Number of protein chains: 2
Amino acid sequence: MINKKILIVEDEVKISDIVKAYLEKEGFTTTVAPTGQKAISLLKERYDLIILDLMLPDMSGEDICQVVREDSDTPIIMLTAKSDEDDRIHGLGIGADDYVVKPFSPRELVARVKAHLRRVKGKKDTSSFNSRDLVIDPLRFEVRKNDITVILTPTEFKLLQCLSEHPGQVFTRLQLVNVILGYDFEGYDRTIDAHIKNIRHKIEDNQKSPSYIKTVYGIGYKFSGQADAD
Amino acid sequence: MINKKILIVEDEVKISDIVKAYLEKEGFTTTVAPTGQKAISLLKERYDLIILDLMLPDMSGEDICQVVREDSDTPIIMLTAKSDEDDRIHGLGIGADDYVVKPFSPRELVARVKAHLRRVKGKKDTSSFNSRDLVIDPLRFEVRKNDITVILTPTEFKLLQCLSEHPGQVFTRLQLVNVILGYDFEGYDRTIDAHIKNIRHKIEDNQKSPSYIKTVYGIGYKFSGQADAD
DNA sequence: CTCCTTACGATAATGCTTATTATATCGGAT
DNA sequence: ATCCGATATAATAAGCATTATCGTAAGGAG
């Protein structure tokens with residue numbers, strides 16, 4: 001979990017540039033959203049932490065904060081010129097985890113970012129991520145491909161999870177049946193094929209040359225995080 | 001369970017009295033340690049949060065911070081007159097979770113305390129709110145939707161609270177049973193369904209397409225304010 | 001009496017199967 | 001050695017069986 005992703009919601013380029021530079025120097029991956037709209041649209045991606053300016057041209061940071069909280073408990077650090085006490089209290093009450101007032105020290109901000117990430121790491125971080133583009137999230141029971149959420153059915157999910165947990169290892173259909181459907185399953189092992197097809201349909205760009213689930217002729221299937229290698 | 005224990009490490013009586021008063025007004029239980037030695041000896045007890053003055057007569061707050069971090073991750077809010085940037089960064093670096101500079105606003109401090117507690121454990125004492133329209137108020141044991149108070153039964157409330165504290169995360173019925181009814185519950189897990197139905201009846205505008213509690217077919221339920229697209 | 005639990009039928013979603021089409025492998029002939 | 005066809009394996013799509021969820025309502029516990 002080295003590459004933490006941080007979303008910076010800030011309209012002033014001067015500030016976002018500084019924050020971005022400091023965070024990236026520490027090895028974080030950052031994305032900047034200069035408007036609320038942009039931020040909202042980026043929120044379908046998952047971030048490990050969000051730095052949020054309260055004063056945006058198009059919408060208030062509070063609103064964004066609430067939108068975030070509707071669907072995740074990602075740490076939020078509010079960043080703002082408002083130094084009024086009531087604002088700060090409101091900000092913290094509304095679901096922000098921290099509140100930093102401008103002008104602020106970039107180094108302190110970085111320190112706070114680290115402090116929050118350290119905390120989050122404590123709780124179970126089962127986000128088993130597999131390859132560059134594909135994230136399998138057992139907590140949310142969903143799969144994200146290039147940060148776009150893909151809904152799988154329970155069996156599809158289990159199948160993909162099983163394969164992805166042992167990349168490169170080839171599973172026979174029988175093995176997969178045993179794991180996914182249980183040892184007492186008495187059906188046809190070609191059922192697996194159907195599920196594979198459905199999964200591929202959902203996560204593969206090119207059905208013809210799958211990049212995640214590879215077919216091993218005569219044997220079964222395997223998961224490959226690598227681009228085409230055998 | 002509502003009684004969170006907070007340790008205040010502060011030598012200036014004037015300040016510790018104020019902090020103590022504000023926190024107790026909010027229902028917290030506080031203990032004051034005027035010296036580092038006293039604080040260390042109190043640490044064998046467990047606290048939910050520690051407010052730590054950096055400038056103590058006998059030892060530095062940093063040292064205490066490190067002692068605490070040796071065997072717990074109790075949130076620490078540093079409280080100090082040092083406003084120097086390096087001090088703040090150092091403070092956050094050695095394991096503090098927050099850093100408040102004197103003179104500080106007691107109300108803001110309380111807000112920060114709540115924000116940290118909310119993150120750590122079940123936020124039994126904070127007014128947690130989730131989406132634009134829905135406010136879950138654990139103090140009053142009630143839910144307000146568009147400022148209209150909705151009365152939930154205890155079980156319904158716990159269920160909604162549990163789900164809303166981890167937006168987006170899918171809970172199986174068994175998990176919910178364990179949390180809500182206890183691990184020794186031996187009944188039918190479909191009981192959860194009934195409660196979900198009742199909650200939905202009370203807070204959802206459209207029963208057919210719920211906007212707060214989503215069902216995840218084959219798995220369980222999750223809380224989400226987002227309109228779920230595919 | 002309120003709230004929790006359970007039951008049952010209706011409805012909807014998933015999963016399994018089978019038939020069909022497509023693709024890969026291998027061996028033999030040119 | 002390359003091409004070609006036969007055969008085996010895999011992919012696709014659609015129908016049906018299965019299982020999950022929802023809503024109403026009634027029984028039971030505190």
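What you see is a predicted model, and the numbers here were worked out from it, not measured in a lab. Just the heavy atoms: all of them, side chains too, but no hydrogens, waters or symmetry mates, feed the values below. Below, chains carry the letters A, B, ... as their sequence lines are ordered, and counting in each starts from 1.
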### Summary
Regarding the side chain of E156(B), the nearest nucleotide among dG23(D), dT14(C), dC4(C) is dC4(C)
### Query
T153(B) side chain: which of dT25(C), dT17(C), dC4(C) is closest?
dC4(C)
### Message
Measuring to OP1 and OP2 of dT21(D), would you say a side-chain N or O of K197(B) lies under 4.0 angstrom away?
### Response
no
### Query
Starting at the 5' end of DNA chain C, which residue's closest nucleotide do you reach first, Y217(A) or P154(A)?
P154(A)
### Message
Of the listed nucleotides (dC22(D), dC16(C), dC4(C)), which one gets closest to any side-chain atom of T191(A)?
### Response
dC16(C)
### Message
Using a heavy-atom cut-off of 4.0 Å across all strands, would you classify V177(B) as base, sugar-phosphate, or nothing?
### Response
nothing
#### Entry: Distance test, side-chain N/O of R200(A) to OP1/OP2 of dA11(D), below 4.0 Å
yes
### Query
Whole Å only: how far is the CG atom of L159(B) from the P atom of dC3(C)?
16 Å
### Message
Please evaluate residues D71(A) and R46(A) with respect to the criterion salt bridge (Lys or Arg N to Asp or Glu O under 4.0 Å), reporting the C-alpha separation (whole Å), side-chain torsions for both, the decisive distance (0.1 Å), and the verdict.
### Response
CA-CA 10 Å; D71(A) 196 45; R46(A) 297 287 147 197; 3.0 Å; yes
### Message
Could you tell me if K4(B) and Y47(B) have a donor-acceptor pair between their side chains, going purely by distance under 3.5 Å?
### Response
no
### Query
Which one, dA7(C), dA11(D), dC16(C), comes nearest to the side chain of D193(A)?
dA11(D)
### Task
I would like to know whether D97(A) and R69(A) meet salt bridge (Lys or Arg N to Asp or Glu O under 4.0 Å); could you show each step before the answer?
CA-CA 11 Å; D97(A) 298 282; R69(A) 280 288 171 272; 2.9 Å; yes
### Message
Measure NE2/H201(B) against C1'/dC3(C) and give the value in whole Å, please.
### Response
15 Å
### Message
So, does H195(A) get its side chain near the phosphate of dG15(C), meaning an N or O under 4.0 Å from OP1 or OP2?
### Response
no
### Query
Starting at CZ of F171(B) and ending at P of dT21(D), how long is that distance when rounded to a whole Å?
16 Å
### Query
Given that N198(B) and I219(A) both sit by DNA chain D, which one's nearest nucleotide is further toward the 5' end?
I219(A)
### Query
Any side-chain N or O of R190(B) under 4.0 Å from OP1/OP2 of dT21(D)?
yes
### Query
Can you check the I199(A) CD1 to dT12(D) P distance for me, whole Å?
13 Å
### Task
Write down the distance between CG (L176(A)) and P (dC16(C)), rounded to a whole number of angstrom.
13 Å
### Query
Hey, does the side chain of T215(B) come within less than 4.0 Å of dC22(D)'s phosphate (OP1/OP2), counting only N and O?
yes
### Task
May I have the distance from I151(A) (atom CD1) to dG15(C) (atom C1'), rounded to whole angstrom?
18 Å
### Message
Taking only side-chain N and O atoms of Y221(A), does any of them lie within less than 4.0 angstrom of OP1 or OP2 on dT9(D)?
### Response
no
### Query
With sugar-phosphate meaning primed atoms plus P, OP1 and OP2, does I196(B) contact a base, only sugar-phosphate, or nothing at under 4.0 Å between heavy atoms?
nothing
### Query
Do S211(A) and E204(A) have a side chain donor and acceptor closer than 3.5 Å?
yes
### Query
Which whole-number value in Å describes the distance from I180(A) CD1 to dT14(C) P?
17 Å
### Query
Starting at NZ of K158(B) and ending at P of dC3(C), how long is that distance when rounded to a whole Å?
15 Å
### Task
Please name the residue in the list Q161(A), H201(A), K202(A) that meets the side-chain contact (heavy atoms from CB on, under 4.5 Å) test with E156(A).
K202(A)
### Task
Could you tell me whether the phosphate oxygens of dA17(D), OP1 or OP2, come under 4.0 Å of any side-chain nitrogen or oxygen in Y188(A)?
no
### Task
Could you check which of dT6(C), dA11(D), dT14(C) has an atom nearest any side-chain atom of A194(B)?
dT6(C)
### Summary
Taking dT5(C), dG23(D), dT21(D) as options, the one with an atom nearest any side-chain atom of K208(B) is dG23(D)
### Query
Are T153(B) and T155(B) close enough, and set up right, to give a side-chain hydrogen bond (donor to acceptor under 3.5 Å, both in side chains), and what steps lead you there?
CA-CA 6 Å; T153(B) 69; T155(B) 321; 4.6 Å; no
